[in-house]
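Count residues from 1 along the sequence.
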Amino acid sequence: MPHIKPTHDFAPSQPLTPRLTGTLPHPSASRGTRLNRTAWSSSPTVLIVDDHEDSRTVGRLVLESRGFHVIEAATGTEGLHKALTERPSVVLLDIVLPGLDGWEIARRIRADAAMCNTVIIAVSALAGIEDRHRSYMAGCDSVLTKPVPPSTMLAVINQYVSAHLVPETVLARVYADVAPAP
């Protein structure tokens, strides 16, 4: 495999190491690590779209305790409207919803050029391989099966968010792609 020689004099003073733990769950997840993503504030917004009030409440409490700004929607139609008007960084999206289903919401978010890099995480009781595949094909970056432990939800969201809050992580990826072979 040929290597590309860097066209800059970048020499890190310390070794650059990614701060993400684990691996991204699906190849489409690379959308969440694109370099052209608009920089997120220190408090990313998460939209929780779920028709069960208890699920939204637990998600909101967990995320707000970690410094996220949270907005909620109880139906598919309301969720799509809030996604397109509020432009959250992350959407936690139930699949079975009144009105539009989660797959249709994900497709419509991906169709909006301004929203194409929003991280979409399907959160559903539908656990079959076909359902997971359909979620990825609709544009979801990850799929979590309910019930989701709060620590798992936070870990998955942080995989995407931390890459944009820690500039050296992104820089390490760029440098790794253009560094000459040892």
Side-chain angles (χ1 to χ4, degrees), residues 12 14-26 28-76 78-95 97 102 105-106 108-110 112-125 135-136 139-174:
Q14 300 175 4
L16 295 174
T17 56
R19 292 188 181 165
L20 293 175
T21 58
T23 59
L24 294 175
H26 187 270
S28 71
S30 63
R31 179 174 26 258
T33 58
R34 285 187 186 163
L35 298 177
N36 65 348
R37 181 185 295 263
T38 304
W40 291 346
S41 69
S42 61
S43 180
T45 298
V46 177
L47 169 61
I48 301 173
V49 184
D50 198 310
D51 56 332
H52 292 100
E53 185 177 357
D54 291 345
S55 296
R56 291 192 317 272
T57 300
V58 169
R60 180 178 39 78
L61 292 173
V62 168
L63 292 168
E64 286 179 345
S65 74
R66 296 296 194 263
F68 291 94
H69 175 256
V70 178
I71 52 178
E72 301 175 33
T75 68
E78 180 187 11
L80 179 62
H81 175 74
K82 285 190 176 183
L84 297 176
T85 58
E86 301 286 332
R87 303 213 184 275
S89 306
V90 178
V91 177
L92 291 177
L93 182 60
D94 190 10
I95 298 300
L97 294 163
I105 294 168
R108 291 188 188 186
I109 290 172
R110 290 289 174 241
D112 185 321
M115 298 283 297
C116 67
N117 287 322
T118 297
V119 175
I120 303 173
I121 301 171
V123 182
S124 179
S135 296
Y136 288 125
C140 295
D141 297 292
S142 290
V143 178
L144 300 176
T145 303
K146 286 181 179 179
V148 180
S151 60
T152 301
M153 178 179 56
L154 285 169
V156 171
I157 291 172
N158 282 327
Q159 276 187 310
Y160 295 100
V161 174
S162 65
H164 304 286
L165 298 179
V166 183
E168 59 266 27
T169 301
V170 176
L171 189 54
R173 289 184 182 163
V174 172

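Interatomic distance, Glu86 CD to Ile71 CD1, rounded to the nearest 0.5 Å: 4.5 Å. Between atom OG of residue Ser89 and atom CG of residue Asn117 there is a gap of 11.0 Å, rounded to the nearest 0.5 Å. Put simply, CG on Leu80 and CG on Leu47 are 10.0 Å apart, with the number rounded to the nearest 0.5 Å. Taken from CD in Gln159 to OG in Ser142, the straight-line distance is 6.5 Å, to the nearest 0.5 Å. Leu154 CG to Ser65 OG: the interatomic distance, rounded to the nearest 0.5 Å, is 6.5 Å. Within the model, atoms OG of Ser151 and CG of Asn158 stand 11.0 Å from one another, a figure rounded to the nearest 0.5 Å.
When all heavy atoms of Pro149 and Pro147 are compared, the pair lying nearest together is CD-O, 3.6 Å. Residues Pro88 and Ala83 share a closest heavy-atom pair of CD-O, 3.4 Å. Across every non-hydrogen atom of Met153 and Gly59, the tightest pair is CE-CA, 4.0 Å.
For Glu64, the salt bridge (Lys or Arg N to Asp or Glu O under 4.0 Å) criterion is met by Arg60, not counting sequence neighbours. Checked against side-chain contact (heavy atoms from CB on, under 4.5 Å), Ser124 has the following partners two or more places apart in sequence or in another chain: Asp94, Ile95, Leu126. Every residue two or more places apart in sequence or in another chain that forms a side-chain contact (heavy atoms from CB on, under 4.5 Å) with Leu61 is listed here: Thr57. Under the rule for a side-chain contact (heavy atoms from CB on, under 4.5 Å), the partners of Val58 that lie at least two apart in sequence or sit in another chain are Val62. Residues passing the side-chain contact (heavy atoms from CB on, under 4.5 Å) test with Arg56, sequence neighbours excluded: Ile48, Asp50, Glu53, Glu72, Ala74. Considering only residues two or more places apart in sequence or on other chains, His81 meets the side chain to side chain donor-acceptor pair (under 3.5 Å) condition with none of them.
The only member of Leu93, Ile120, Val123 that meets side-chain contact (heavy atoms from CB on, under 4.5 Å) when paired with Val49 is Leu93.
Contact of the Glu78 side chain with the Leu97 side chain is not registered, since no non-hydrogen atoms from C-beta on lie closer than 4.5 Å. In this structure, the side chains of Asp141 and Tyr160 come closer than 4.5 Å at one or more pairs of heavy atoms. Between Val148 and Leu92 there is no side-chain heavy-atom pair separated by less than 4.5 Å. Residues Leu84 and Met115 meet the side-chain proximity criterion, which asks for heavy atoms closer than 4.5 Å.
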**OP:** Might you work through the side chain to side chain contact (heavy atoms under 4.5 Å, CB included) test for Phe68 and Val161, ending with a clear yes or no?
**Re:** CA-CA 10 Å; Phe68 291 94; Val161 174; 4.2 Å; yes

